[in-house]
There are 2 protein chains.
Amino acid sequence: MLINALPEEKLDPRVKRTRQLLEEAFSELIQEKDFQSISIQDITVRAGINRATFYAHFPDKYALLDYKIRQDFRAEIEKRTLSACHFSGENLRVLIFAVCEFVGTTNHQCKSPRGKFEPFMEAQVKGQVKDLLLTWLGQMEINSRVSPEIAATAASWAIYGLAQYWNWEKERIALEEFVEQILPLVEAHLQLSRV
Amino acid sequence: MLINALPEEKLDPRVKRTRQLLEEAFSELIQEKDFQSISIQDITVRAGINRATFYAHFPDKYALLDYKIRQDFRAEIEKRTLSACHFSGENLRVLIFAVCEFVGTTNHQCKSPRGKFEPFMEAQVKGQVKDLLLTWLGQMEINSRVSPEIAATAASWAIYGLAQYWNWEKERIALEEFVEQILPLVEAHLQLSRV
DNA sequence: GCTCCTCTGTTGCTTATCCAACAAAAATCG
DNA sequence: CGATTTTTGTTGGATAAGCAACAGAGGAGC
């Protein structure tokens, strides 16, 4: 049994079930106590899954955290139907909005100190944002001095960084306003790789 | 893999999971459509369980219906902490109350015509009521002309019959009042087997 | 009557999960 | 610090669940 990350579709029903149960149990626990103090036993007992089975899916609890964040962010993207979209200023705005809110709520509903799992969130979110942007750019005529890779990388880092910045602020301006401000900035990254 | 009915406790987690999923799926379906028109495929697809696995647990959908009713009525008894009780007028009243309500709500939340699965409910409920009464009687000093078996049988039939009668009435009196009326009747059955 | 289709049980084989046991790492306590 | 307990990964063998295929029963429509 492998941990094949991306194609979550045609999967053995047992595998789907097991992962979902583990994820749900983990979700509950992460809201109750600090991430560090959650043992693998805690998770498997609550999920009703054998401990050995856990290791058949994830090497450790960090991998499960990673998996969960990926799933959550994916769901967020799906919910806003961004994955099936094309590039546009409006869609970009929605994307930035989604990232800001995701970082905020995820940070908020976890009992752990921020520094402990923000790195995981950062990696996942940046990665997926970059992939999404690449898809968008790939659908367009490209003729530029900057490769899509470079542009998407820069934009994804910028978006995440700004989302984190906004969420850390003590006195935050309205999210709508904030996004309005940074939208042209991010757009510039991408425009450079367009015709 | 066997269908060992009674000891639901120390059971393979996989078995517990599978049965619960089947039961949940069946619960949903029974509220949506007629029992006859529910196929085993419907159930297994909704539950995310392989069809062959169904047959490893139940010979047919009637057995699942039976199982579900048993589980539900058990839960009802547990909820009212009757299973851990002794015989008393008050507990008997609660038991009759429970049967009346159970018959009513179960009949109500199923789309099927009454005649189709009431026999199943009847068998299950009467059986469990009888078992419970036997337990109660067994805890007491017995010295009578009537064996506990006979007394419990009579009482369980009477209770179920009256519960059904009450639920079929067009103009029903308050359940409390009804139970009050029949309590002495049922009690008489049981008293005959006591000291 | 006939065909077409769905549902039903059942089968052999594959795969995922369970379980008990283990040694080693890590945490806890005095 | 050492001693005890918990947690961690890992293993081999047992068992449940998945899957594809099958023949047969029943229904719908022609």
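So that the names make sense, note that chain A is the first sequence line, chain B the second, and so on, each numbered from 1.
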Base of D:dA17 paired with side chain of A:R14 (donor-acceptor, under 3.5 Å):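 Donor-acceptor pair under 3.5 Å: yes.
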
The side chain of [X] lies closest to which of these nucleotides: [options]?
| X | options | value |
| --- | --- | --- |
| B:S39 | D:dG18, C:dC7, D:dT8 | C:dC7 |
| A:D12 | D:dG18, D:dT8, C:dC18 | D:dG18 |
| B:V15 | D:dC19, D:dG9, D:dA16 | D:dA16 |

Under-4.0 Å side-chain N/O to phosphate OP1/OP2 contact, B:Y55 with C:dG9: yes

Under 4.0 angstrom between B:H57 side-chain N/O and D:dA16 OP1 or OP2: no

Would you kindly give the [atom1]-to-[atom2] distance between [X] and [N], to the nearest whole Å?
| X | N | atom1 | atom2 | result |
| --- | --- | --- | --- | --- |
| A:Q41 | C:dC18 | CD | P | 14 Å |
| B:Y62 | C:dT8 | OH | P | 10 Å |
| B:K61 | C:dC7 | NZ | C1' | 10 Å |
| B:N50 | C:dT15 | CG | P | 15 Å |
| A:L22 | C:dA16 | CG | P | 15 Å |
| B:I40 | C:dT10 | CD1 | C1' | 13 Å |
| A:L11 | C:dT15 | CG | C1' | 12 Å |
| A:R17 | C:dT15 | CZ | P | 17 Å |

Residues B:S37 and B:D34: side-chain donor-acceptor under 3.5 angstrom: no

Nearest-nucleotide 5' precedence on DNA chain C, B:I38 against B:A52: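 Going by which nucleotide is closer to the 5' end, it is B:I38.
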
Whichever of A:T18 and A:R51 has its nearest DNA chain C nucleotide further upstream toward 5':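 Here A:T18 is the residue nearer the 5' end.
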
A:F35 and A:Y62 aromatic centres sub-6.0 Å: yes

Side-chain donor/acceptor of B:N167 to backbone N/O of B:Q164, under 3.5 Å: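 It does not hold such a pair.
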
Heavy-atom donor-acceptor pair, B:W166 side chain to B:C100 backbone, under 3.5 Å: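 The answer is no, because no donor-acceptor pair under 3.5 Å joins these two groups.
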
Closest-nucleotide 5' rank along DNA chain D - winner of A:D60 and A:P13: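 It is A:D60 whose nearest nucleotide is closer to the 5' end.
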
Side-chain ion pair, B:E28 and B:K33, N-O less than 4.0 Å: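 Salt bridge: no.
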
